[in-house]
Each structure stands twice: as C-alpha cells, then as structure tokens.
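See structure below.
Just so it is clear, the values below take in all heavy atoms, side chains as well, and ignore hydrogens, waters and symmetry mates. Residue numbers run from 1 in the order of the sequence given.
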Amino acid sequence: MGLNIIKLCVGCDCVEDLETWIAYRLEEKRRAGEPLEHFHITRMVPKRTDELDGGSLYWVMKGSVQCRQRLLEVRPFIDGEGISRCRLVLDPKVVRTEWQPRRAFQGWRYLEAKDAPRDLPDGSEAAMLPPTLRRDLAELGLL
C-alpha cells in the first residue's frame with residue numbers, strides 16, 4: 001500500500017453519516033446527468049502525489065480514525081476565483097477501520113502505511129455495532 005492522507009471529516013459524526021452523504025451526492029449527480037464520480041476538494045495539492053498511488057484517505061470523526069476511502073486520483077485545478085485547489089477522487093465505498101485516536105488538526109496530513117489503522121473485516125461484529133456504542137467502547141480502549 002502506498003502513502004495515505006488523513007483528514008477530519010467535518011459534518012459527519014459516524015461512518016453511517018458519511019455513507020449517507022456519499023449516496024446522496026452520487027444520486028444528485030445521476031439525476032443531473034453528471035459523471036458518477038465521488039471527490040473531496042482541498043485547498044492544497046499534495047506534493048507527494050506519486051507516492052499516493054494505491055493509498056487511501058483516512059477519515060477522522062469525533063476524535064478517531066474510523067474509516068477510509070481508496071484514493072483513485074489527485075486532480076489539481078483553479079477555481080472560479082483563481083484559487084488553486086485539488087480534487088481528491090475517491091472510491092465511493094467506505095471501508096471501516098479499527099478506531100485510532102487522533103487530535104484535531106487543520107487541513108490534511110500524510111499517513112504512512114505502517115501507521116494506518118487496519119481494516120475491519122466486512123460484517124465483523126465491531127463494524128456492526130451502533131455508532132454510539134462503538135464510540136463508547138473505543139474511548140474505553142475496548143475497540
């Protein structure tokens with residue numbers, strides 16, 4: 001696995017919120033006849049783009065990394081106001097991970113593969129727990 005990016009997931013309290021938002025945005029694009037592509041826009045363009053091949057964007061929610069999305073492409077662009085920005089094109093499938101505590105930070109950071117939390121197996125008991133119970137167990141160090 002390549003280099004990863006880690007970022008706060010503002011507006012989402014749990015993985016289910018993120019999945020619902022992604023489904024909503026893709027449905028909006030389908031109705032508008034736009035390409036069914038999911039991306040996140042950032043202000044800064046990663047300088048280590050070549051190393052991100054095969055990496056993921058890990059999302060921090062409520063103080064813990066909870067999931068990731070595979071990073072498909074990095075597309076720099078200039079917005080309508082002349083500001084340099086970047087589209088991080090993501091696989092719409094959200095992969096739940098082991099919870100890993102993280103302090104708040106601005107923007108995004110690189111995350112080495114060796115430091116990234118492991119994926120939870122599909123259908124695992126931990127992944128199926130209600131979000132509030134997962135959060136409580138993680139805070140106790142039991143997840």
Going through the checks in order, is the ring-ring contact (aromatic ring centres under 6.0 Å, His included) test met by Trp59 and His40? CA-CA 12 Å; Trp59 290 111; His40 179 77; 5.3 Å; yes

Could you walk me through whether Ile83 and Arg85 satisfy the side chain to side chain contact (heavy atoms under 4.5 Å, CB included) test, starting with their C-alpha distance in whole Å, then the side-chain angles of each, then the deciding distance to 0.1 Å, before giving a yes or no? CA-CA 6 Å; Ile83 299 171; Arg85 300 204 183 270; 3.8 Å; yes

Fill in: Val15/Val94 under side chain to side chain contact (heavy atoms under 4.5 Å, CB included): CA gap, chis, key distance, verdict
CA-CA 8 Å; Val15 178; Val94 177; 3.7 Å; yes

request  = Starting from the C-alpha separation in whole Å, work towards a yes-or-no answer on side chain to side chain contact (heavy atoms under 4.5 Å, CB included) for Ile6 and Arg102.
outcome  = CA-CA 10 Å; Ile6 186 169; Arg102 288 289 171 148; 3.8 Å; yes

Decide yes or no on side chain to side chain contact (heavy atoms under 4.5 Å, CB included) for Arg43 and Trp108, but give the supporting numbers first. CA-CA 10 Å; Arg43 170 78 194 264; Trp108 52 263; over 6 Å; no

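Counting only heavy atoms from C-beta outward, the side chains of Leu111 and Leu3 never approach each other to under 4.5 Å. Side-chain contact between Asp115 and Glu112: present, with at least one pair of heavy atoms (C-beta onward) separated by less than 4.5 Å. Residues Leu71 and Val89 have side chains not in contact (no heavy-atom distance under 4.5 Å, counting atoms from C-beta outward). Counting heavy atoms from C-beta outward, Arg118 and Thr97 have side chains that stay 4.5 Å or more apart. Contact check for Trp99 versus Val65: no side-chain heavy atoms found under the 4.5 Å cut-off. The closest side-chain heavy-atom distance from Leu18 to Cys67 is below 4.5 Å.
In terms of heavy-atom proximity, Tyr110 sits nearest to Lys47 at OH-N, 3.0 Å. Minimum heavy-atom separation, Pro101 to Ser64: CA-OG, 3.9 Å. Pairing each heavy atom of Arg70 with each of Ser56, the nearest pair is CA-OG, 3.6 Å. Nearest heavy-atom pair, Ile5 versus Pro46, reported as atom, atom and distance to 0.1 Å: CD1-CG, 4.0 Å.
Leu26 and Leu88 fall within the same hydrophobic cluster, where Ile, Leu, Val, Met, Phe, Trp and Tyr residues are linked whenever their side-chain heavy atoms come under 4.5 Å apart, directly or through other members. No chain of hydrophobic side-chain contacts below 4.5 Å, direct or via other Ile, Leu, Val, Met, Phe, Trp or Tyr residues, connects Ile41 to Ile22. When the side chains of ILVMFWY residues are joined at heavy-atom separations under 4.5 Å, either directly or via intervening members, Leu90 and Phe39 end up in two distinct hydrophobic clusters.
At a threshold of 4.0 Å, the pair Glu73-Arg75 counts as salt-bridged, since one of the basic side-chain nitrogens sits closer than that to a carboxylate oxygen. Salt-bridge formation is detected for the pair Glu16/Arg96: a Lys NZ or Arg NE/NH1/NH2 atom is positioned less than 4.0 Å from an Asp or Glu carboxylate oxygen. Taking a cutoff of 4.0 Å between a charged side-chain nitrogen and a carboxylate oxygen, Glu98 and Arg68 do not qualify as a salt bridge. Salt-bridge check for Glu28 with Arg31: failed, with every basic side-chain N at 4.0 Å or more from each acidic carboxylate O.
Between the NZ atom in Lys62 and the CG atom in Leu8 there is a gap of 12.0 Å [rounded to 0.5 Å]. To the nearest 0.5 Å, atoms CG (Asn4) and CG (Leu52) are separated by 8.0 Å. The distance from atom CE of Met61 to atom SG of Cys12, rounded to the nearest 0.5 Å, is 5.5 Å. To the nearest 0.5 Å, atom CD of residue Gln69 and atom OH of residue Tyr58 are 12.0 Å apart.
Thr42 places a side-chain N or O within 3.5 Å of a backbone atom of Met44 that can act as its donor or acceptor partner. In this structure, Lys29 contributes its side chain and Glu37 its backbone to a donor-acceptor pair below 3.5 Å.
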